[in-house]
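Right, one structure below, let's go through it.
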Amino acid sequence: MEKVLVTGATGQIGSELTLALRQSLRFNSVIAAGYSQKDNIEATKASTHIAFDIRDRATLKKVVQKYQIDTIFHLASLLSAVAEERPQEAWDINMTGLFNVLEVARLNQCAVFFPSSIGAFGPKTPAMNTPQDTIQRPTTMYGVTKVSGELLCDYYQKHYAVDVRGLRYPGLISYKTQAGGGTTDYAVDIFYAALQSQSYCCFLKADTQLDMMYMPDAVNAAISLMQTDSKHLTHHNAFNITAMSITPKQLAAEIKRHIPEFKISYQVDPIRQAIADSWPKHLDDSCAQHEWGWHPQYTLSAMVKDMLDKLANKLSGVCHVTG
Ligand code: SER
């Protein structure tokens, strides 16, 4: 992993992973690729950023060859709620994008990281302690693209020996970049609302239990999986990982410990509720623990404290600059 391309580099995971990779690799060895140039994103300011559509395979190939890329972190994707609104576009971006990445990787001997999701499971999957290898019959377009993506990655590894690895991420929580278009976005929005208005109206029911993770753990997971010696890996791709399994009610209670006046109310969005209800409540991530030493750093209470501290700083900075 010496010369890395990150697709989706201005997105939720990409903007933080790009910076983390730049800190651990040489400065100019990480190329950030995003659909559009976003001047306010740190990841695109630091060094080479290239704006192109991941469906454009010719440009992807040129970038990989020009910068002699050896590893592609392929994060460009539409999330679950927006994919339900625009299913044809979601298939096109998520599947054509991944197919292009795998083809260019095959022809240029690159390793690939592909993020799958709790969305790759469906209502027939065991909801508690969801095994690594189990029923996957997702009922959302996002899930269809994620389970198809997992299978396509397996295919390229088996038939073409492409070193493709991946994780099934839970909902991700970050103070740096907002998600946008996901079902688990409530777990980010709630912090902004808690700090700005001390109240939040949640679009999922109070007892909707889902796996979640703080972004530093998500970023470390991707980097440490890609750095693991392949002889330790049985699965390679689509590892279940989690850090906490929580409901909106539990998250609100933890925020209330820091902001006693905080209040949560509920106005359920039936589309996102149906998506959440089709996903597991808690994944079994023991394969990730045994095969490559997965271990999250942030519990619910540590995550909430850090989120509130860092987001308060960020928001006061914005007020200061704009005010
Ligand atoms: N966070 C994603 C979503 O809600 C799930 O992987 O779409």
Side-chain angles (χ1 to χ4, degrees), residues 1-34 41-44 46-50 52 54 59-77 97-98 100-116 149-150 152-154 156-158 160-169 172 213 215-239 241 287-297:
M1 198 161 76
E2 288 184 358
K3 293 195 171 170
V4 169
L5 174 68
V6 181
T7 76
T10 55
Q12 190 198 18
I13 306 174
S15 51
E16 296 195 38
L17 181 65
T18 304
L19 291 175
L21 286 166
R22 282 198 179 127
Q23 275 158 15
S24 61
L25 301 171
R26 279 178 298 121
F27 182 70
N28 264 324
S29 300
V30 182
I31 309 297
I41 302 272
E42 275 176 87
T44 65
S47 64
T48 311
H49 174 262
I50 302 160
F52 70 96
I54 195 60
T59 302
L60 174 65
K61 182 176 153 204
K62 269 188 217 146
V63 170
V64 164
Q65 291 179 343
K66 177 174 175 190
Y67 295 98
Q68 298 173 302
I69 298 295
D70 59 52
T71 305
I72 305 172
F73 285 80
H74 174 49
L75 306 172
S77 164
L98 177 61
N100 286 345
V101 165
L102 290 171
E103 268 299 283
V104 170
R106 173 176 77 86
L107 297 169
N108 295 276
Q109 289 79 50
C110 301
V112 174
F113 173 81
F114 169 69
S116 187
E150 291 181 3
L152 198 57
C153 290
D154 285 350
Y156 270 73
Q157 201 220 339
K158 183 161 181 245
Y160 300 123
V162 175
D163 183 6
V164 48
R165 307 181 189 187
L167 307 166
R168 293 186 183 126
Y169 278 123
L172 298 178
M213 184 179 293
M215 190 60 84
D217 280 329
V219 164
N220 285 340
I223 295 175
S224 68
L225 174 61
M226 293 308 281
Q227 286 176 332
T228 298
D229 188 329
S230 65
K231 72 174 187 235
H232 298 302
L233 300 178
T234 309
H235 283 88
H236 297 267
N237 175 31
F239 280 98
I241 54 167
C287 283
Q289 292 173 31
H290 296 142
E291 290 183 38
W292 51 276
W294 160 243
H295 181 68
Q297 300 298 311

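Counting begins at 1 with the first residue of the sequence. None of the values given here were measured: they were computed from a predicted structure.
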Quiz item: Is there side-chain contact between Thr228 and Leu233, with at least one heavy-atom pair below 4.5 Å?
Solution: yes
Quiz prompt | Side-chain (Asp70) to main-chain (Glu2) donor-acceptor, under 3.5 angstrom | solution = yes
Self-check item: Minimum heavy-atom distance Ala222-Leu17, with the two atoms named
Solution: CB-CD1, 4.3 Å
Quiz prompt | Val64 versus Cys110, closest heavy-atom pair with distance | solution = CG1-SG, 3.9 Å
Self-check item: Test salt bridge (charged side-chain N to carboxylate O under 4.0 Å, His left out) applied to Lys231 - qualifying residues, sequence neighbours left out
Solution: Asp229
Quiz item: Judged by atom type as modelled, is there a donor-acceptor pair below 3.5 Å linking the side chain of Thr7 to the main-chain atoms of Ala76?
Solution: yes
Exercise. Tell me, please, which residues at least two apart from Asp163 pass salt bridge (charged side-chain N to carboxylate O under 4.0 Å, His left out).
Key: Arg165
Quiz item: By salt bridge (charged side-chain N to carboxylate O under 4.0 Å, His left out), which residues pair with Glu150, not counting sequence neighbours?
Solution: Arg168
Quiz item: Rounded to the nearest 0.5 Å, what separation is found between the CH2 atom of Trp292 and the NE2 atom of His235?
Solution: 13.0 Å
Quiz item: Is the backbone N or O of Val164 less than 3.5 Å from a side-chain atom of Asn237, with the two atoms forming a donor-acceptor pair by type?
Solution: no
Exercise. For the pair His74 and Phe114, name the ring-plane relationship: parallel under 30°, tilted 30 to 60°, perpendicular over 60°.
Key: parallel
Quiz prompt | Tyr160 and Tyr156 aromatic ring geometry - parallel, tilted or perpendicular at 30°/60° bounds | solution = tilted
Quiz item: Considering all heavy atoms of both residues, which atom of Leu75 and which atom of Gly14 are nearest to each other, and what is their separation?
Solution: CD1-CA, 3.4 Å
Quiz item: Say you draw a straight line from CG of Leu225 to CH2 of Trp294; how long is it, rounded to the nearest 0.5 Å?
Solution: 11.0 Å
Practice problem: Using side-chain contact (heavy atoms from CB on, under 4.5 Å) as the criterion, list what pairs up with Leu107, not counting sequence neighbours. | Solution: Glu103
Exercise. Using the test ring pair (Phe, Tyr, Trp, His ring centres under 6.0 Å), find all partners of Tyr169 that sit at least two apart in sequence or belong to another chain.
Key: none
Exercise. Check side-chain hydrogen bond (donor to acceptor under 3.5 Å, both in side chains) between His295 and all other residues, then give those that pass, not counting sequence neighbours.
Key: none
Quiz item: Is there a donor-acceptor pair closer than 3.5 Å between any side-chain N or O of Glu16 and the backbone N or O of Met215?
Solution: no
